[in-house]
There are 2 protein chains.
Amino acid sequence: MDEVGRTGAAQADDAPARAVRIQDVARLAEVSTATVSRALATPERVSVEARARVLEAIARTGYVPNPAARSLRSQKTYMVLVVLPDLSNTFFSKILRGIEETLFEAGYGMIISDLDGSPEKEAHFAAFTAAGRVDGAILLNGHLFGQSRDGKGSAAKLNIPLVALCEAIPDADIPQIEIDNRAAARRMTQHLAQLGHRSIAYVSGPAQNVLERERFRGYRDGLRASALPFDPDLVVSGDYTLESGVRAGEDLLARAKRPTAVFCTSDEMAIGLVRTLSSAGVRVPEDISVAGFDDIEFAAVAQPALTTIHQPRRELGQTAATVLIDLLQGRTTPKRIRLKTDLITRNSVSSPR
Amino acid sequence: MDEVGRTGAAQADDAPARAVRIQDVARLAEVSTATVSRALATPERVSVEARARVLEAIARTGYVPNPAARSLRSQKTYMVLVVLPDLSNTFFSKILRGIEETLFEAGYGMIISDLDGSPEKEAHFAAFTAAGRVDGAILLNGHLFGQSRDGKGSAAKLNIPLVALCEAIPDADIPQIEIDNRAAARRMTQHLAQLGHRSIAYVSGPAQNVLERERFRGYRDGLRASALPFDPDLVVSGDYTLESGVRAGEDLLARAKRPTAVFCTSDEMAIGLVRTLSSAGVRVPEDISVAGFDDIEFAAVAQPALTTIHQPRRELGQTAATVLIDLLQGRTTPKRIRLKTDLITRNSVSSPR
DNA sequence: ATGAAAGCGCTAACAC
DNA sequence: GTGTTAGCGCTTTCAT
């Protein structure tokens with residue numbers, strides 16, 4: 001088909017133009033179909049002139065290999081599945097972009113599965129994957145197919161390369177791409193302590209969450225490194241949502257003795273908390289400093305702009321895709337990659353009065 | 001394979017378990033492969049008992065049809081391409097979710113292509129599409145493959161159903177799913193006028209943009225309906241980005257005579273503008289009211305919370321997917337669907353002093 | 001209602 | 001270095 005994505009392509013008629021097949025190219029180039037195939041897949045195994053003729057014929061016909069036929073024969077799909085818990089969560093969009101661009105460059109397509117908390121969807125995609133519709137998968141959902149989030153249940157055996165991204169999957173023997181949550185939390189805690197805060201509250205994520213466990217350890221590390229005692233009363237439970245940040249704010253407001261700084265383990269919670277404090281006349285950072293985690297888009301725009309931990313989201317996606325492609329192509333890969341985070345200082349944190 | 005997505009599946013050995021084929025099912029059910037195929041695709045053409053035996057055999061073996069083989073034979077892929085200009089733009093995530101869930105229910109997968117402003121990527125996906133790798137496509141990028149954004153250039157003939165979502169594609173003879181941008185802009189303008197504003201500025205999108213043209217017409221409609229004169233000086237040019245909102249704010253601040261209200265045609269611009277005004281000591285909404293458009297996540301969380309136009313993003317995605325599926329299955333569809341928007345009143349707009 | 005058999009377009013094994 | 005050929009797993013005539 002010569003109408004493929006070119007402007008001004010000469011198209012003889014408007015008939016639905018049966019697709020060009022490898023045979024057509026072979027005939028035009030006066031070689032066999034095998035040579036055409038090889039010219040594309042293993043150019044070095046084809047004579048220079050044959051290759052030139054094939055390429056010429058391809059250019060003239062606009063030939064594009066039929067992926068279904070190729071896939072059926074070679075048992076490869078050149079498709080990667082990206083599994084994520086919630087597509088509408090904006091945290092994932094930059095990560096997806098990193099994944100997509102890397103896969104694209106390597107000639108792979110990306111299929112997205114939004115699990116949406118639905119076991120049926122998960123079963124479907126598990127079957128989809130098992131049926132060989134994709135060559136590999138990137139898991140952003142913190143568990144394997146067939147497993148519950150806490151690692152219970154026997155994971156489906158998929159026989160394809162898998163990579164865990166962001167949320168590590170503890171017992172799975174697959175590469176893990178993540179940030180160093182513990183180190184980042186420690187760093188933020190120390191940052192607050194160095195500014196002079198002695199009473200630093202911690203707003204947690206969900207109790208069983210892998211990220212939460214690491215960040216909490218980092219918080220305690222930071223306190224210890226700053227010679228501050230750990231006070232369980234200063235731990236407020238949250239679940240990363242804005243609403244839980246609002247509740248944490250109300251909790252803090254109800255206290256007689258308030259901390260001078262609050263480390264929220266997500267930006268959304270930090271934003272909810274700041275709102276609640278501000279509405280009650282408590283100024284941020286003058287009265288209480290508030291720090292977040294993630295550096296989502298809005299962190300920089302919030303009032304006050306949020307001091308937070310920046311996650312290299314695009315790079316996380318790129319790295320996961322790169323590792324998966326390495327796996328797909330038989331290369332060895334590291335078992336775990338931790339990307340660096342940055343502490344971004346903005347206006348929601350200052351020294352205590 | 002009985003290990004597919006089930007917990008506690010009994011798996012005899014760890015051998016890479018060659019996939020179950022239709023032959024295996026046929027043998028077990030004691031029917032031909034044709035009957036198995038029919039039992040799945042056209043159950044009414046198979047006797048009740050044969051169907052039962054086939055279903056039983058499928059359940060026992062965990063058979064899942066090989067999509068490449070099916071696709072090669074039937075010339076269908078059960079895949080839909082979603083083309084968007086920028087995956088990392090959070091505006092798209094909820095739309096994608098709506099698309100994905102609807103496609104999923106109908107048995108279609110979704111491939112995302114992030115054009116990223118790259119002509120090569122676009123050419124690639126055009127070829128990809130032309131090569132029959134997808135059955136249809138949803139275009140969120142405002143133009144056809146091979147066309148420039150303003151409709152110039154000959155569009156690639158793809159011979160597959162296409163649907164335009166959000167940004168209408170003027171000359172293309174394909175269904176358009178969008179909001180009524182003009183009516184929404186008119187409504188917001190009238191809302192501001194009704195509160196008593198006589199001097200309402202307008203921060204535009206990019207000049208050639210389809211959305212911008214409609215919204216601008218709505219703005220003028222609203223002025224006219226409120227018996228307010230149109231003043232070109234009150235039109236400030238922007239491009240939907242936060243930065244352009246900041247610039248618009250600086251523009252306004254530099255004026256001797258300021259409007260009492262500003263209608264920004266994107267929330268991002270509104271947020272940037274509010275920041276700039278606030279930093280300069282101009283209070284929103286006490287000194288100047290600011291309205292946005294889109295109702296992105298942060299509109300509700302911004303300080304002050306943004307009065308804006310809510311777009312039903314998930315529903316937009318669902319509708320586009322539904323229309324595409326109708327097309328794919330030979331049903332007729334409306335040429336254009338306009339979904340209702342809502343005016344959300346929050347705190348960034350009030351009556352002028 | 002069911003089965004036999006052709007064949008979708010490609011790649012890989014084998015022969016030369 | 002190149003051609004011939006089998007066959008990936010399925011759906012779909014065409015028979016019966």
Side-chain angles (χ1 to χ4, degrees), chain A residues 1 16-55 57-58 61-79 107 127-128 130-133 135, chain B residues 1 16-55 57-58 61-79 107 127-128 130-133 135:
Chain A
M1 302 196 279
R18 198 180 189 307
V20 177
R21 298 181 312 274
I22 198 168
Q23 280 237 24
D24 305 320
V25 176
R27 203 176 307 122
L28 191 61
E30 299 180 292
V31 295
S32 71
T33 60
T35 297
V36 176
S37 181
R38 283 191 282 253
L40 256 24
T42 51
E44 70 280 6
R45 293 199 186 174
V46 167
S47 68
V48 183
E49 58 175 36
R51 183 159 73 238
R53 286 218 307 284
V54 168
L55 261 27
I58 288 175
T61 54
Y63 169 71
V64 180
N66 179 314
R70 171 197 293 226
S71 173
L72 179 59
R73 175 67 233 225
S74 67
Q75 309 285 24
K76 287 189 183 128
T77 64
Y78 292 96
M79 278 290 165
F128 183 95
R133 196 141 182 183
D135 293 344
Chain B
M1 301 193 282
R18 200 180 188 308
V20 177
R21 298 178 315 269
I22 198 169
Q23 278 238 27
D24 304 320
V25 176
R27 203 177 306 123
L28 191 60
E30 298 180 292
V31 294
S32 71
T33 59
T35 298
V36 176
S37 180
R38 281 191 282 253
L40 256 25
T42 52
E44 69 281 6
R45 291 197 188 174
V46 166
S47 69
V48 183
E49 58 175 36
R51 184 160 71 242
R53 287 217 307 283
V54 168
L55 261 27
I58 288 175
T61 54
Y63 169 70
V64 180
N66 178 313
R70 172 196 294 225
S71 174
L72 178 58
R73 175 66 232 227
S74 66
Q75 309 284 24
K76 287 189 183 128
T77 63
Y78 292 96
M79 278 289 164
F128 184 95
R133 195 142 184 184
D135 294 343

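Letters A, B, ... mirror the listed sequences (proteins, then strands); counts begin at 1. Only heavy atoms go into these numbers, but all of them, side chains included; no hydrogens, no water, no symmetry mates.
With sequence neighbours excluded, the residues satisfying side chain to side chain contact (heavy atoms under 4.5 Å, CB included) with B:Ser37 are B:Ile22.
Taking side-chain N and O atoms only, B:Tyr78 has no distance below 4.0 Å to OP1 or OP2 of D:dC10.
Among the heavy atoms of the strands, none lies under 4.0 Å from B:Pro67.
For A:Leu72 and C:dC8, the CG to C1' distance is 9 Å, given to the nearest whole Å. Atom CZ of A:Arg21 and atom C1' of C:dG7 are 12 Å apart (whole Å). One interatomic measurement links the two molecules: CZ of B:Arg51 to C1' of C:dT2, which rounds to 14 Å at whole-angstrom precision. Straight-line distance from the CZ atom of A:Arg73 to the C1' atom of D:dT5: 10 Å, rounded to whole Å. Atom CG in A:Asp24 sits roughly 9 Å away from atom P in C:dG9 (whole-Å rounding). Counting to the nearest Å, the C1' atom of D:dG3 and the CD atom of A:Gln23 are 13 Å from each other. At whole-Å resolution of the value, CZ in A:Arg70 and P in D:dC10 are 21 Å apart.
Mapping A:Ala69 and A:Lys76 onto DNA chain C via the closest heavy atom, the residue that lands nearer the 5' end is A:Ala69.
Atoms CG and OG, on B:Asn66 and A:Ser71 in that order, are 7.0 Å from each other to the nearest 0.5 Å.
Listed nucleotides: C:dC10, D:dC10, D:dT5. Nearest to the side chain of A:Pro65: C:dC10. In the set C:dA12, C:dC10, D:dT11, the nucleotide with an atom closest to the side chain of A:Asn66 is C:dC10. Closest to the side chain of B:Ser32, from the set C:dC8, C:dG3, D:dT12, is C:dG3.
Between B:Thr61 and B:Leu28 the shortest side-chain heavy-atom distance falls below 4.5 Å.
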What do the steps show when you test B:Leu40 against B:Tyr63 for side-chain contact (heavy atoms from CB on, under 4.5 Å), and what is the final call? CA-CA 11 Å; B:Leu40 256 25; B:Tyr63 169 70; 4.0 Å; yes
Verdict with reasoning, A:Ile58 to A:Val54, per side-chain contact (heavy atoms from CB on, under 4.5 Å): CA-CA 6 Å; A:Ile58 288 175; A:Val54 168; 3.7 Å; yes
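Listed in residue order, the members of residues 34-50 of chain A having a heavy atom less than 4.0 Å from DNA chain D are A:Ala34, A:Thr35, A:Arg38, A:Arg45, A:Val46, A:Ser47, A:Ala50.
Residue pairs meeting the salt bridge (Lys or Arg N to Asp or Glu O under 4.0 Å) criterion with at least one partner in residues 23-51 of chain B, sequence neighbours excluded, are B:Arg21-B:Asp24, B:Asp24-B:Arg27.
Taking all atoms of both residues into account, the shortest heavy-atom contact from B:Arg53 to B:Val31 is NH2-CG1, 3.6 Å.
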